Amino acid sequence: MEKFDTIVIGAGPGGLAAAYDLSGAGQNVALIENNLWGGTCPNRGCDPKKVLLSAVEARDRMTQLKGKGFGDVPYVNWEGLEKFKATFTDPVSAGSKKGAINAGITAIDGSPKFVSEKELSVNESTYQADHFIIATGQRPSYSDIPGKEYLLSSTDFLSLKQMPKTITIIGAGYIAFELATIANATGAEVHVVHHNDHPLKAFNEKYAQELVHQLETKGVKFHFNVDTKEIIKSAGQLTLKADDFSLTSDLIIGATGRIPNVDILDLEKANVKADRHGVIVNEKLQSSNDKIFAIGDVVSTKTPKLTPVAGFEADYVSNVILGKTTDDIKIPLVPTVVYGTPKLAQVGEQNGAKVVDQDVTSWFTYSHTNEPKAMIRIVLNDKSQIIGATVLSNEADSMINLLTKAIEQKMTNADVKKEILAYPTAGSDLEYLF
């Protein structure tokens with residue numbers, strides 16, 4: 001039986017970061033992956049999605065300036081864009097595994113299962129370790145309805161060789177909005193079906209509804225309060241059935257959530273407890289077995305399931321295992337972004353002593369590219385310090401990072417005015433926002 005100091009399960013961004021940290025500190029580390037090395041983000045998540053969105057953003061800029069320097073605006077060529085995306089994704093898995101091996105990490109392909117509190121098996125071999133880190137992430141989940149086998153996932157969408165003429169997306173969260181944005185820019189007829197009338201429930205409702213409106217002006221059709229009951233396949237097309245509702249399209253994507261990858265690990269044999277949200281951990285990210293940690297999307301927590309969070313947790317757990325800290329983890333502010341057109345971003349508290357909502361569409365930052373709508377909400381405490389923000393604009397992803405730093409530094413308007421930022425940029429607008 002081979003023995004390691006630490007075995008990391010899952011070679012995504014979090015697992016890789018932890019393995020590199022521990023190996024770099026002199027530990028004998030094994031890293032196990034049962035699918036694509038590098039994980040969801042660079043292979044079939046945020047990175048390839050961002051490549052696809054680059055073309056969408058370019059088209060949006062031309063559309064906004066149609067008649068103001070541009071003529072007819074073409075649709076995004078999906079086949080060409082997919083080939084470009086592949087130049088980023090194709091090398092990831094092999095490169096990630098090779099990098100780990102070159103760093104002295106033992107790379108193991110296969111699906112691990114715990115056999116005891118200190119042992120697991122992979123491919124009929126058993127391995128032992130002083131510590132384990134579970135970083136197995138999540139996978140798409142589907143409603144348990146007749147015909148669910150016809151549903152495709154976001155992973156399938158990102159790998160489509162051809163974009164269908166009509167596409168339906170079930171769900172109204174981050175993934176649904178982002179896939180709808182991309183498909184719409186290719187000229188596809190896009191429908192979004194959701195079981196209630198609260199899209200993007202984690203965001204301010206006013207801003208979420210404005211994003212819906214902006215996508216509707218581009219041709220995306222939203223169907224709210226439609227609870228999907230069945231998917232029927234006939235003559236090469238799929239029909240979504242609900243009470244008094246029927247919608248036929250070429251392809252249907254299920255974007256109704258994700259579930260943690262814990263069910264294949266035999267966690268009970270390692271005395272590790274989990275719920276439907278993932279591995280249950282304490283303030284040191286230890287499971288009910290204090291020698292087994294969990295990081296990233298597989299953790300049962302309300303912290304946003306984002307790649308930077310996984311990396312932050314990986315660094316923290318590595319320091320705990322190496323004896324460099326005994327402090328509980330403290331997750332900093334985590335900004336979140338929906339990459340629609342426009343983008344919608346949010347950070348911090350959404351209620352406070354004072355809320356300043358501004359329609360900034362006419363401000364030079366947004367009017368010089370003829371943005372159709374730009375809105376910013378600033379939330380202040382009773383000391384006039386910024387504690388939260390929501391941004392809807394093409395600049396939202398950059399702007400939310402500036403606002404995050406302002407919140408962390410407990411800045412007031414007077415503090416912002418002491419700064420000189422590049423002009424004219426979204427950052428130079430900060431002093432006028434509150």
Side-chain angles (χ1 to χ4, degrees), residues 40-41 44-50 52-53 56 137-145 148 151-158 167-184 190-216 218 220-228 231 240 242 247 249 251-261 276-278 296-310 334-347 350 390-392 396-397 400:
T40 295
C41 182
R44 54 198 176 197
C46 40
D47 288 357
K49 177 187 66 184
K50 188 71 171 177
L52 300 178
L53 282 164
V56 179
Q138 295 180 319
R139 65 181 185 273
S141 65
Y142 301 106
S143 300
D144 190 15
I145 57 173
K148 66 179 180 180
L151 296 175
L152 299 185
S153 68
S154 58
T155 299
D156 298 319
F157 176 94
L158 294 174
I167 180 172
T168 296
I169 303 170
I170 304 175
Y174 290 76
I175 294 173
F177 273 76
E178 292 168 351
L179 300 190
T181 295
I182 295 168
N184 171 255
V190 182
H191 296 263
V192 176
V193 176
H194 192 47
H195 69 278
N196 61 34
D197 58 358
H198 297 290
L200 297 170
K201 62 182 180 180
F203 284 81
N204 176 273
E205 185 176 1
K206 176 182 177 181
Y207 284 69
Q209 290 294 343
E210 181 59 39
L211 179 55
V212 169
H213 175 66
Q214 290 301 314
L215 288 177
E216 285 177 331
K218 293 178 170 68
V220 177
K221 297 176 175 62
F222 287 85
H223 308 275
F224 293 118
N225 294 311
V226 175
D227 193 5
T228 302
I231 306 295
L240 182 154
L247 177 63
S249 54
L251 183 152
I252 301 179
I253 299 289
T256 52
R258 297 175 69 81
I259 56 176
N261 291 317
R276 65 188 184 92
H277 301 294
D297 293 0
V298 76
V299 178
S300 180
T301 177
K302 293 182 178 180
T303 303
K305 310 292 189 180
L306 301 171
T307 298
V309 174
V334 181
T336 58
V337 183
V338 179
Y339 285 94
T341 52
K343 304 180 187 81
L344 176 61
Q346 184 170 284
V347 68
Q350 296 306 302
T390 302
V391 183
L392 179 75
D397 50 347
I400 206 67

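Note that the coordinates shown come from a computational prediction; the quantities given were computed from them, not determined experimentally.
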Side chain to side chain donor-acceptor pair (under 3.5 Å) with His191: which residues, sequence neighbours excluded? Glu189, His223

Apply side-chain contact (heavy atoms from CB on, under 4.5 Å) to residues Ile259 and Arg139 and explain how you reach the verdict. CA-CA 6 Å; Ile259 56 176; Arg139 65 181 185 273; 3.6 Å; yes

Minimum heavy-atom distance Gly173-Leu200, with the two atoms named: C-CD2, 3.6 Å

Can you name the nearest heavy-atom pair linking Asp297 to Gly137, along with the distance? CB-CA, 3.9 Å

Determine whether Thr390 and Leu344 make a side-chain contact, defined as any pair of heavy atoms from C-beta on separated by less than 4.5 Å. yes

Who passes ring pair (Phe, Tyr, Trp, His ring centres under 6.0 Å) against Phe203, sequence neighbours left out? Tyr174

Taking ring pair (Phe, Tyr, Trp, His ring centres under 6.0 Å) as the definition, give me every residue that meets it alongside Phe177, ordered by chain and number, with sequence neighbours left out. Phe222

Residues which pass side-chain contact (heavy atoms from CB on, under 4.5 Å) with Ala310, listed by chain and number, not counting sequence neighbours: none

Residues passing the ring pair (Phe, Tyr, Trp, His ring centres under 6.0 Å) test with Tyr339, sequence neighbours excluded, are none

How long is the gap from CG on Leu240 to CG on Leu247, to the nearest 0.5 Å? 6.0 Å

Applying side chain to side chain donor-acceptor pair (under 3.5 Å), can you list everything that pairs with Lys305, at least two apart in sequence or on another chain? none

List the residues meeting side chain to side chain donor-acceptor pair (under 3.5 Å) with Asn204, not counting sequence neighbours, and say none if there are none. none

What is the minimum heavy-atom distance between Val212 and Pro199, and which atoms define it? CG2-CG, 3.8 Å

So CG of Leu52 and CD of Glu178: to nearest 0.5 Å the spacing works out to 11.0 Å

To the nearest 0.5 Å, what is the distance between CD (Gln214) and CD (Gln209)? 12.5 Å

Approximate separation, where rounding is to 0.5 Å, of Leu151 CG and Ile231 CD1: 5.0 Å

CD1 (Ile253) and CG (Leu158) are apart, to the nearest 0.5 Å, by 8.5 Å

So do the side chains of Thr307 and Cys46 get within less than 4.5 Å of each other, counting heavy atoms only? yes

If I compare all heavy atoms of Ser141 with all of Thr256, which pair ends up nearest, and what's the gap? O-OG1, 3.3 Å

Quick one: list whatever passes side-chain contact (heavy atoms from CB on, under 4.5 Å) with Ser249, sequence neighbours left out. Thr166, Thr168, Ile252

Could you walk me through whether Val193 and Thr228 pass the side-chain contact (heavy atoms from CB on, under 4.5 Å) check? CA-CA 8 Å; Val193 176; Thr228 302; 4.0 Å; yes

Return the minimal non-hydrogen interatomic distance between Ile182 and Val56, and the atom names on each side. CA-CG2, 3.9 Å

With sequence neighbours left out, the residues meeting side-chain contact (heavy atoms from CB on, under 4.5 Å) with His198 are Asn196, Glu205

Report the residues that fulfil side-chain contact (heavy atoms from CB on, under 4.5 Å) with Ser154, sequence neighbours left out, ordered by chain and then residue number. Ile175, Leu179, Arg258

Going by the salt bridge (charged side-chain N to carboxylate O under 4.0 Å, His left out) test, which pairs reach into residues 338-347, not counting sequence neighbours? Glu57-Lys343, Lys343-Asp397

My understanding is that only residues two or more places apart in sequence, or in another chain, count here; which of them pass side chain to side chain donor-acceptor pair (under 3.5 Å) with Asp156? Ser153

Closest non-hydrogen atom pair between Ile169 and Ala255, with its separation: CG2-CB, 4.0 Å

Ser143 (side chain) donor-acceptor with Ile145 (main chain) under 3.5 angstrom: no

Output the distance between atom CG (Asp227) and atom NE2 (His195), rounded to the nearest 0.5 Å. 7.0 Å

